[in-house]
Novice: 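First the structure, which I've put down as structure tokens, then a few questions once you've had a look.
When a ligand or atom number is given, it counts from 1 through the structure's own listing order.
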Amino acid sequence: MSEVDTIVIGAGVAGLTTARLLTDAGRRVVVLEARDRLGGRVWTDRSGGYVTDRGASWIHGITDSPVYAAVTAFGMPTTEFTVGGYQPDSRPIAHYSPAGHRLTDDEAARYVADIHAVDAALTPAIEASAPDASYRDVTEAALADASRAGAWETDRVQRVREYLEHRSEEQYGAWIDELAAHGLDDDQVDGDEVVFPQGYDRLASGLGEGLEVRLEHIVSGVDWSEDDGVTVTTDRGVFTAHDVVITVPVGVLQSDAFVIDPPLPEPVAGALGRLTMNAFEKVFLRFDETFWDEGVYAIRQQGPEGAWWHSWYDLTALHDSPALLTFAAGPAAVATRGWTDAEVVASIMGQLRRLYGDDIPEPIAVQRTAWQDDPFAHGSYAYMTLGSTTDDHDALATPVGGVLHLAGEATWTDDPATVTAALCSGHRAAQNVLGHEVPIERVWATE
Ligand SMILES: Cc1cc2nc3c(=O)[nH]c(=O)nc-3n(C[C@H](O)[C@H](O)[C@H](O)COP(=O)(O)OP(=O)(O)OC[C@H]3O[C@@H](n4cnc5c(N)ncnc54)[C@H](O)[C@@H]3O)c2cc1C
């Protein structure tokens, strides 16, 4: 039994942000974390002499970004890599036709112009959509508008349709029919995107500096009452406090392994029921030489051959050694979940051989994530199922009984599914606990 003012559950970016601000404000805080490390879904693997961000990699736009302000304050080096928003043309990209030929500059320009034409028609299509419409419904409406206006032939329509399917998979780890029409509303990038040559996890260590974090404490229950505060049960004892900030992922909140008693009331419960965890895995392939196109940020495959493996990101400049990153996203992640690494690599290499020939080298090292099987995540991040509204994110953070607060990426409407959302939601939770505003700059203040 231990008594503090506030218990924070989860030492990811949301939980660490909350704990840091509350501690800064003079409250006694303990953070309970199931894993043996800080960071949660920000996780840098340094095995094999490589720096591999197995969770988040990007800041999706550094303009006015509080995460960028924090990583700058913590002295973290960054590398520009503005291709993390599934943009068709932010930086040089090698586009390959269904037959495996690289598009000429003119062909690529026309393809990209078609995508922009459909995106222009997409905004009104989303605005006009029914409450339970899917991202498929609205993209098909936009495709119909743009292709009719331009009198596109079938193949031209299909290439853009595939792009939209892949954008849904790569941005949300969800098949396009299962993502709500508004599911990508937040998906804009302001300014350059950056990644971290020395690892994203230094953000977590910076935020966690000086906090009382109890690692390897698996929380199984949270009992709360307006009058008596909270009791949190872990596999290493029971903790009590006046209030609790719960930052575990949606997948944990929805599981039987994490029981909140009394159950969450409306509007929190309804919002939670309309979100679900995705299927999104990373596969890093390290080579002893490059064999792919020079001077491009990414390689993309059009057509049926690209149904699963359609995008490769060149991390060579980031790591100073030849490396490609690809994603098993949506259906590919679900289908390959039980595969061995060797089976996945063989499947990816088969696709790369179509583009670059039979004599390309095998990878010398492979790292593959398994977020779907992670009991403390159940997926990579949450997405909006059909019938969900963007407000569901913020609704999740509605304070409960004056003593229970939810925070985390899924609770932030403006930019959910990101580190930014986690940090901003942690800031909001701290303000709600304290009952007054706190300048966000306190998050990265080092004095
Ligand atoms: C593969 C992948 C790629 C991504 N790419 C990007 C990207 O490029 N850019 C970006 O901005 N975002 C990206 N994200 C999303 C980003 O990582 C998350 O939105 C963010 O890190 C979530 O932070 P959080 O604090 O809300 O949750 P988490 O980091 O999940 O923190 C919650 C913590 O709660 C702990 N916990 C869970 N259950 C229990 C329990 N029972 N008891 C105690 N503790 C528990 C967890 O271990 C975890 O540490 C990616 C995520 C993944 C997985």
Side-chain angles (χ1 to χ4, degrees), residues 7-19 31-43 52-61 65 67-68 81 83-86 170-173 186 189 193-196 200-201 203-204 207-208 213-222 232-236 239 245-253 255 257-260 277-284 313 325 327-329 333 368-372 374-382 396-397 406-412 415-426 429:
I7 296 168
V8 175
I9 305 177
V13 168
L16 293 172
T17 300
T18 304
V31 183
L32 302 175
E33 167 56 51
R35 303 180 198 271
D36 61 1
R37 60 173 178 81
L38 304 184
R41 284 171 279 169
V42 171
W43 177 23
T52 307
D53 270 317
R54 300 179 71 99
S57 301
W58 273 274
I59 297 178
H60 294 299
S65 161
V67 176
Y68 189 62
F81 202 50
V83 73
Y86 211 68
E170 278 220 356
Q171 295 307 95
Y172 266 98
D186 61 273
V189 170
E193 296 180 277
V194 296
V195 290
F196 298 91
Y200 216 149
D201 65 345
L203 172 64
L207 292 172
V213 183
R214 306 278 179 95
L215 297 176
E216 298 181 272
H217 280 61
I218 302 173
V219 173
S220 54
V222 176
V232 175
T233 306
T234 78
D235 61 338
R236 296 200 182 187
F239 293 75
V245 179
I246 304 173
T247 73
V248 301
V250 157
V252 175
L253 287 173
S255 81
F258 193 98
V259 178
I260 298 177
M277 294 303 280
N278 69 3
F280 181 78
E281 307 295 354
K282 290 176 155 182
V283 186
F284 295 86
Y313 298 89
L325 163 65
F327 300 103
R368 174 178 165 226
T369 64
W371 290 102
Q372 295 168 93
D374 185 323
F376 306 122
H378 295 285
S380 284
Y381 36 89
L396 266 185
L406 295 189
E409 55 88 5
T411 71
W412 191 255
D415 205 5
T418 63
V419 175
T420 305
L423 186 144
C424 292
S425 75

Novice: For a quick check: using heavy atoms under 4.0 Å, what are the residues in contact with ligand 1, sorted by chain and number?
Specialist: I9, G10, A11, G12, V13, A14, L32, E33, A34, R35, G39, G40, R41, V42, R54, G55, A56, S57, W58, H60, H217, I218, V219, T247, V248, P249, V252, F258, F280, W371, F376, S380, Y381, G408, E409, A417, T418, V419, A422
Novice: Can you find a pair of side-chain heavy atoms, one from L253 and one from L406, that are under 4.5 Å apart?
Specialist: yes
Novice: Using 0.5 Å steps for rounding, measure from the CZ atom of F280 to the OH atom of Y172.
Specialist: 11.5 Å
Novice: Taking side chain as C-beta onward, heavy atoms only, is I7 less than 4.5 Å from R214?
Specialist: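 No, too far: nothing below the 4.5 Å cut-off.
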Novice: For the residue pair Y200 and V419, establish whether any side-chain heavy-atom pair is separated by less than 4.5 Å.
Specialist: yes
Novice: For V189, what residues pass the side chain to side chain contact (heavy atoms under 4.5 Å, CB included) criterion, not counting sequence neighbours?
Specialist: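 V189: side chain to side chain contact (heavy atoms under 4.5 Å, CB included) contacts with H60, Q87, E193.
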Novice: Do the non-hydrogen side-chain atoms of F239 and H217 ever get within less than 4.5 Å of each other?
Specialist: yes
